[in-house]
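Here the structure is laid out as C-alpha cells; the discussion comes afterwards.
Below, chains carry the letters A, B, ... as their sequence lines are ordered, and counting in each starts from 1.
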Amino acid sequence: MSNAEMPKAYESSAVEEKWYSWWESNGLFHGRPDPAKKPYSIVIPPPNVTGILTMGHVLNNTLQDILARWHRMEGDEVCWFPGTDHAGIATESRVEKYLREKEGTSRDELGREEFVKRVWSWREQYGGTIIRQLRKLGTSCDWERERFTMDEGLSDAVKQVFVQLYEKGYIKRGKRMINWCPVSRTALSDEEVVYKEENGKFYHFKYPLSDGSGFLIVATTRPETMLGDTAVAVPIGDPRYRHLVGKTVDLPLTDRKIPIIEDPHADPEKGTGCVKITPAHDPNDFEVGLRHNLDFINVFTKDAKMNERAGKYAGLDRFECRKQVVADMERLGLLDKIEDLVHAVGYSERGGVPVEPMLSEQWFVKMDELAKPAIEAVRNGTIRFYPERWTKTYFHWMENIKDWCISRQIWWGHRIPAWYNEKNEVYVGVNPPEGDNWRQDEDVLDTWFSSWLWPFSIMGWPKDTPEQKYFYPTNDLVTGPDIIFFWVARMIMAGYEFKGAPPFRNVYFTSIIRDDLGRKLSKSLGNSPDPLDVIARYGADALRFSIIYIAPIGMDIRYANEKCEIGRNFANKLWNACRFRKMQGAVSENFRNLAGIDPAKLAPDEKWILAWTDRTIRSAREALEGFKFHQAAHDIYEMVWSTFCDWFIESCKPRLYGDPEAKKQTLAVLDFVLWKLLRLLHPFMPFVTEELAHQMDFLKEDESIMYAHYPETLEKLGLGALADGLDTVLGQVEDKFELVRAGRNLRISYDIAPGRKLKYHIKAATDAQETFLRNETGNLKFLLNAEEVTVSQEDYRAEDGTGAPSALVNAGAIFLPLKGVIDVEAETAKLNKQKKELLGWIKGSEAKLGNPGFLAKAPPKVVEDAKTHLAEMKEKLARVEEALKSLN
RNA sequence: GGGUGUAUAGCUCAGUUGGUUAGAGCGUCACGUUGACAUCGUGAAGGUCACUGGUUCGAGUCCAGUUAUACCCACCA
C-alpha cells in the first residue's frame, strides 16, 4: 500500500465491487468435504425464480451470511448452498402475464408442451435476477453449487419420493373436498388459503314443504350454492322438526325436491336449527352427504362461474349469481330476512380471490405418521427453534396435521409420476411404464413437494454423494415464521423419512420488516424500498449492519432508509480510525501477538483497552452462539465507537507525540486491538473490513479476512500475562475518565470556550488515587485541554483564600480555578443538589440495612455490597459537606 | 372460539437467573472548524417501567386479573 492518504470518507461502491469479484473468482465461497475440518452448512430458503430482492431477503440473507462468515473464521469448512425455487403457480401466472402482454398469446393457445418450453426460456432470460442481486449484498454463497428445484437431479428426488410414499401407502388419489382457486384454476393445499375477516350478509330463505304445509327457514352466506342443495338437515330428535323427517321440500329456483334429514351437523341452538346441505361445495355438507348417501351436485365451472346444473343461472359469475338468486327469492316471497355478519372468508393466496370448496379428484399425502418423528425431534431438543416459542405453533399444527393435497392443475412443475391405461389401472414409478397404452397424469406437484426435500436434494440425493455424508444434516436454518408449515415442518418430516436424520439443528425465525409507521411493506403502498437503491446510496455494509442493529429480538422491525445512516456512519467511523492510525506510520510488526511487550510496562489505558477487547470478544461470540445478532452488533458498535475511538484513541494521543518507545508500544496495542475489531466486525460488514485489513497491511495481498481467525481472548492466545493486574487498573482508568467528564462539564457550565487553555486542580481521594493520577497528568492535560493539571489531597485555594468551582467524583474532586469568576451561589446550589441526592441514597440504604428481614434473608454478598455502598455514599457526603463549608 | 407476542424517555428499542434511586440510539436544546471523522466532538433536558392486586426483606423483572395492540390457528350453516 502506498502512502497515498486515505480519502476522508469511506466510499462503498468501488470497494464492494472489487472485493466481491475477488472473493468469488478466487473460490473463497466454495465449500468441499474436508475431514480435517468441522463441517458447517446452511441451505438458503430458495427464493422464487421470478423474485426480486426485497428487504425481507436482505435481513434473511444477511443473517445467514453472518453465520457463514463467522463459522468460516472459526475454522469450520463452510458451505452455504444457494438456489431458486420454480414456484409453480407464481411462475406460471407470471409467464402467462408476460405472454399476454408481450406476445398476445396464452397458455391454452400454446398448448402444454410449448408453454412449458416458454417458461424455461423465460427463466433463462429473466429468472434468477435475485441471485445476481444477492451478490450485491455480499452473501458468501457457494455459487458453484447453485441449484434449481426443477433441475434434473432435484426432479429425480421428487419422483423417488413420490414413488416411495406411494408404495408405502402414504400417497393416495381420491375424490375429496379441496380448495379450488378459480383464477389459477387449480386445487390448493389448506396452507395456501388465507382467511380474511369480511362484512357479509346472512340470508334467511324459506324452503316450501312439498306437501304445502309450510316452510323451513334455512340461512346461508352463500345463496348461489343453494342451486346445488340436495337436502335440508334438522337436529336429531328435534321436536320442532321430528315429524318432517323423511318428507321433502321443493328447492326454490329449481325443479328438484330434496329430502329432510336428521343429522348431528344441524345445531338446534343456531338459527332455526335447519341447515341447507350442499355436499359438493361445503366441507361439512360433504360429510353429511356421505353419511346420507346424498347426490353431489357441482354447480360451478373451473373458473367459478355457474355451470349448466345451475339452470337459468348458467354462465353467470358466482357473485352475480348470488345477487340474482337473492332477488329471485325475494320476488317469490321466499326471502325471510337479511342480517349483517362478520365472517372469515378463505382467499387464494396467489389468486387473490375467494377459494371455492369443490369436490375433486386429487392426490393426497397422509401426514400423521410422517409427523411423529418430526414432533419428537423438536420436543427432545434435537432441533431447536429460536425464538423458542415457535415450537408451540409447530406442535399445534403437527399434532392436528391433515392430509396434504399435492396435485395442482397447472403445467409448470414436476409432473406426477403416475400413468393410467384403458382398463383404468394405475402405474406409479420413477420411469414411465412399458407399452404405449399408458397416459401420464396431467397434474403437477405442489411446489413445496420439491422444497421439502431441499436440504438433501441440493446435495445430490437420491444419489449417494460425499456432500451428503459431510454436510448433512445442515447446521442452521434461517427463515421467516410465515413458512413454518409450508416448509420448515415438512422439511423436518422429509429429513426423517428419507434420510433418517434431521435436516438441520437450529432454526432461527427472522422478524417481519415493517415501515416506520408499522405497516407491512407492500408494493401497493409504495413503502417497499428497493435494496439495490439503498445499497447504492449507503453501501451494502451499511444496510447489513443497520438492519441487524435495529432488529429487535423476536419482534417486528421498523425500517426506514434513514436508519441506514447508523451503518454508514459506523463504517465511516471505522474508516477514519484506520485513517488516523495510518497517519502514525507503518503497521507494528507485532500486531498479531504483541511480541516483545513487557506486561509490566503497559500503560493503564493500554491495559484498559485490552480488557475491553476481551470482554467484547466474549460477549460477541456468546451472542452469536445464541443467535442474538442484534446484541452482538450493539456490543461491537459500542466497543468500536465509544470505547476504542472516543476514549482509547483520544487518550493515547499524548503518548504518540512524546517518547518514541511509548509511541511504539501504544501503536502496537492499537494495532493489536484494531485488527481484532476488524475481524469481529467482518461477518457483519464484510466489505469495509476486508478493505481496511488490506489498507492497514494486516493482510498480505493474496490473503482474505474471510479466512482470518475470529478473535480470541488474551488467555486463549496464551497472552494471559498481558492481562495481569487488570482488575485494579480498570477501576482507576474508569475513574480517570469520569474525572475528565466532570472537568469538561465544569468548563461548559462556566461557559468557557473549549479552545481556551485552563488550569485544573485535582484532589485525590486516596493515596493510591493520588499516585495514579499524578502519573496521568500528561494524559489529563490533553483530555481536558488544560495547560496545567495539579494533583494533591488538598482542596484548591487561591492565594487570597477563595475557593473554585468543583465537581465531586469517585477519584476525588476536580477544581476549575478561575480568578474572580466563581459563582458561589451556583456552586452552593450544585453541591446542595448533590447532597440531597446522596442523602436520598443514604436514607434508602440505611432503611434497607435496618430491615431485619433483609439482613436475615438476602444473600450475604448483597448485604455486603449494600454496606460498602452506604459507606461510600457517606464518605462522598462528607466530601460534599466539606466543599460546601469551604465555599463560605 | 382457541393460541402466541407486545406495552419502559418525544420516537425506535435494551434491560441476562428478582438485588443500588432504570439504560442506549435517534430526535430536541446548548456549545464547538483542538492536526481520523460535521457521516464529527463535548455536554444538557427528558420516564410514577399500561392498569389493579398478589408473592418477596426487595418487583421493570415472578404470579393472577384488566385494558390496549399485533399476529397465527379454527368446517361456525
Would one find a side-chain N or O of A:Asn851 under 4.0 angstrom from OP1 or OP2 of B:G58?
-> no
Please measure how far the C1' atom in B:A59 lies from the corresponding atom in B:U20, and state the result in whole Å.
-> 14 Å
Answer yes or no on whether A:Lys653 is positioned over the face of A:Phe580, meaning its NZ or CZ is under 6.0 Å from the six-membered ring centre and within 45° of the axis.
-> yes
Looking at the side chain of A:Asn576, which of B:U12, B:C37, B:C40 is the nearest nucleotide?
-> B:C37
Closest nucleotide among B:A77, B:C40, B:C13 to the A:His630 side chain = B:C13
Below 4.0 angstrom from OP1 or OP2 of B:U4, is there any side-chain N or O of A:Lys392?
-> yes
Which part of the nucleic acid, if any, lies within reach of A:Arg568 when heavy atoms closer than 4.0 Å are counted: base, sugar-phosphate only, or nothing?
-> base
How would you label the contact of A:Ala571 with the nucleic acid (heavy atoms, under 4.0 Å): base, sugar-phosphate, or nothing?
-> nothing
Could you work out the separation of B:U66 and B:A24 based on their C1' atoms and round it to a whole Å?
-> 32 Å
Examine A:Phe485 together with A:Trp397 and report whether their ring centres are nearer than 6.0 Å.
-> yes
Under 4.0 Å between a side-chain N/O of A:Arg558 and OP1 or OP2 of B:U12, yes or no?
-> yes
Using Watson-Crick or G-U wobble geometry with both distances below 3.5 Å, tell me the partner of B:G1, or none.
-> B:C73
Rounding to the closest angstrom, what is the interatomic distance between B:G58 and B:A22 at atom C1'?
-> 16 Å
Please measure how far the P atom in B:G10 lies from the corresponding atom in B:G65, and state the result in whole Å.
-> 31 Å
Sticking with atom C1', work out how far B:U48 lies from B:A9, rounded to a whole angstrom.
-> 13 Å
Ignoring backbone atoms, test whether A:Lys781 places a side-chain nitrogen or oxygen under 4.0 Å from the OP1 or OP2 oxygen of B:U34.
-> no
Nucleotide paired to B:A59 in any strand shown, Watson-Crick or G-U, under 3.5 Å | none
Options B:A14, B:U20, B:A36, nucleotide nearest the side-chain atoms of A:Met555 = B:A14
A:Asn745 side chain near B:U42 phosphate (N/O to OP1/OP2, under 4.0 Å) = no
Which part of the nucleic acid, if any, lies within reach of A:His634 when heavy atoms closer than 4.0 Å are counted: base, sugar-phosphate only, or nothing?
-> nothing
B:G27 to B:G46 separation - C1' atoms, rounded to the nearest Å | 12 Å
Assign A:Arg581 to base, sugar-phosphate, or nothing according to its heavy-atom contacts below 4.0 angstrom with the strands shown.
-> nothing
Measure up the A:His630 and A:His634 rings against each other and bin them: parallel (under 30°), tilted (30 to 60°), perpendicular (over 60°).
-> tilted
With rounding to whole Å, what would you report as the distance between B:C29 and B:U17 at their P atoms?
-> 39 Å
Nearest-Å distance once atom P is located in both B:A50 and B:A14 | 14 Å
Look at all strands and tell whether A:Glu837 reaches a base, only sugar-phosphate, or nothing, counting heavy atoms closer than 4.0 Å.
-> base
So what does A:Asp556 touch, heavy atoms closer than 4.0 Å: a base, only the sugar-phosphate, or nothing?
-> sugar-phosphate
In the structure shown, which nucleotide is the Watson-Crick or G-U wobble counterpart of B:A44, with both distances under 3.5 Å?
-> B:U28
Within less than 4.0 Å of OP1 or OP2 of B:G41, is there a side-chain N or O belonging to A:Trp641?
-> yes
When we call it a touch if two heavy atoms are under 4.0 Å apart, what does A:Cys645 touch: a base, just sugar-phosphate, or nothing?
-> base
OP1 or OP2 of B:G43 under 4.0 Å from side-chain N/O of A:Arg744 = yes
Under 6.0 Å between the ring centres of A:Tyr394 and A:Phe385?
-> yes
Paired with B:C37: which nucleotide, if any, by Watson-Crick or G-U wobble criteria at under 3.5 Å for both distances?
-> none
When we call it a touch if two heavy atoms are under 4.0 Å apart, what does A:Pro481 touch: a base, just sugar-phosphate, or nothing?
-> nothing
Parallel, tilted or perpendicular: rings of A:Tyr637 and A:Trp641 (30°, 60°) | tilted
Under 3.5 Å, is there an N or O donor on one side and an acceptor on the other linking the side chain of A:Glu638 and the base of B:A14?
-> no
Tell me the partner of B:U17, counting only Watson-Crick (N1-N3 plus N6-O4 or O6-N4) or G-U wobble (N1-O2 and O6-N3) with both under 3.5 Å; none if nothing fits.
-> none
At under 4.0 Å between heavy atoms, what does A:Glu872 touch on the DNA or RNA strands: base, sugar-phosphate, or nothing?
-> nothing
How would you label the contact of A:Lys573 with the nucleic acid (heavy atoms, under 4.0 Å): base, sugar-phosphate, or nothing?
-> base
Side chain of A:Lys402 - closest among B:G25, B:U12, B:C75 | B:C75
Parallel, tilted or perpendicular: which describes the rings of A:Trp390 and A:Phe509, with under 30° parallel and over 60° perpendicular?
-> tilted
Any side-chain N or O of A:Lys276 less than 4.0 Å from the OP1 or OP2 oxygen of B:A77?
-> no
Between A:Asp229 and A:Ala231, is there a donor-acceptor pair closer than 3.5 Å when you use the side chain of the first and the backbone of the second?
-> no
